[in-house]
Amino acid sequence: MNPGVLVKYKDFLPVTPGTPLFSLGEGDTPLVRCNRLETEIGCRELYLKLEGCNPTGSFKDRGMVVAVAKALESGSKAIMCASTGNTSSSAAAYAAYCGLTAIIIVPKNNIAPGKLAQAIVYGAKIIALKGNFDQALSIVLNLTKKHPVTLANSVNPHRIEGQKTAAFEIIDTLGQAPDYLFIPVGNAGNITAYWKGFEEYYQLGRAKNKPAMMGFQAEGAAPIVRGHVIDDPKTIASAIRIGNPASWQKATAARDESGGVIDMVTDDEIMAAHRLMATKTGVFGEPASAASLAGLIKLSRKGMDFSKKRVVCVITGTGLKDTDAVLKTAEPFLEAPANSAAVEKALGWG
Ligand code: F0G
């Protein structure tokens, strides 16, 4: 049985005798080898880390369980976050489990419907902001300073601590770090967390190597790549529609220390990777999560040689949160009346 992140990795986390140890079953996510994509892309080994298999369907649960445990330990009664959807789903679920109030601020009409449904069903106090994620985060940073509410965004270092456990799991499974880690970048907490995890295991001698960190933003929301804040970020990948990432400097430090890159992919490249991943590996990620694979495909097409490399792409969230992204652009499919002959006819069998 998976004991959860707090118990499994307690020696590596800010756990004290006063920290409540609980779990919704986060962590221990699959690392799936993808032979068909290896051949197509020309990698020696390609794995997808399926973070959509966490309890609320994204990697956020790893950090949220630590942030909420520490909030409880400090006597807090409420947590608050800004979100493009996944952080708020996770905050709402863990708050519900522990009997805390979750207050979430999300961009109005700009989060995937599954994520909004999660926040509603878990009983969060929801504010739909007439503004974008960056504005929501700045309001949350302001209000959590003024009121007795715990900040649940990844600016809270406990979130990063929990999220670094995904890097531990990759090393625990492969026996070493991959050569490259491809990861979507939005608010830049996750790339920061993975790098911290790889670095810590390396320092402890649990891995002999560290990966190059390959972060990918969406082209219309690529402040780090462009070197300036984007006031009105745009991308179909709503989870990473962020123009002023809170962990900007830490992400560029991870890139530079690891010898990696932070680059961008277009919405078309993201959606092509999203479809390829589903049709060639059976993995349904949400659009933002496919930015990692889109990045790998982009670099391999540009001539980068992965034929001797072991590569991991982090698939950060499940596609079931954002079925609109598929249904709105779906090709028409076959329909038939309810009898065998009609179905045979529709299939061209007679
Ligand atoms: N992938 C998904 C599915 C996400 O939800 C996010 C971020 C990212 C990638 C990027 O991770 O921000 O650590 O660089 N979602 C946040 C949210 C912003 O509010 O749910 P990051």
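Just follow the structure's listing: the first ligand is 1, and inside any ligand the first atom is 1.
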Under a 3.5 Å threshold, I'd like every N/O contact between ligand 1 and protein atoms, with atom names and distance.
| from | atom 1 | to | atom 2 | distance (Å) |
| --- | --- | --- | --- | --- |
| ligand 1 | 1 (N) | T316 | OG1 | 2.6 |
| ligand 1 | 5 (O) | N86 | ND2 | 2.7 |
| ligand 1 | 12 (O) | N187 | N | 2.7 |
| ligand 1 | 13 (O) | G189 | N | 3.1 |
| ligand 1 | 13 (O) | N190 | N | 2.8 |
| ligand 1 | 14 (O) | G186 | N | 2.8 |
| ligand 1 | 14 (O) | N187 | N | 3.3 |
| ligand 1 | 14 (O) | A188 | N | 2.7 |
| ligand 1 | 15 (N) | K60 | NZ | 2.9 |
| ligand 1 | 19 (O) | S83 | OG | 2.7 |
| ligand 1 | 19 (O) | T84 | N | 2.8 |
| ligand 1 | 19 (O) | T84 | OG1 | 3.3 |
| ligand 1 | 19 (O) | T87 | OG1 | 3.2 |
| ligand 1 | 20 (O) | S83 | OG | 3.3 |
| ligand 1 | 20 (O) | N86 | N | 3.0 |
| ligand 1 | 20 (O) | T87 | N | 2.8 |
| ligand 1 | 20 (O) | T87 | OG1 | 3.1 |

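Within the structure, the salt bridge (charged side-chain N to carboxylate O under 4.0 Å, His left out) test picks out the following pairs touching residues 184-206 (sequence neighbours left out): E161-K196, K164-E200, K196-E200, E199-K210.
At a cut-off of 3.5 Å, with distance as the only test, a side-chain donor of T235 or D267 sits close to an acceptor on the other residue.
Within a 6.0 Å radius of CD in Q203, more than 12 heavy atoms belonging to other residues, nucleotides or ligands are found.
For an aromatic pair to be called close, the ring centres must be under 6.0 Å apart, and Y201 with F12 satisfies this.
Chaining together hydrophobic side chains whose heavy atoms lie under 4.5 Å apart places F284 alongside L320, V326.
Shown here are the salt bridge (Lys or Arg N to Asp or Glu O under 4.0 Å) partners of E38, two or more places apart in sequence or in another chain: R33.
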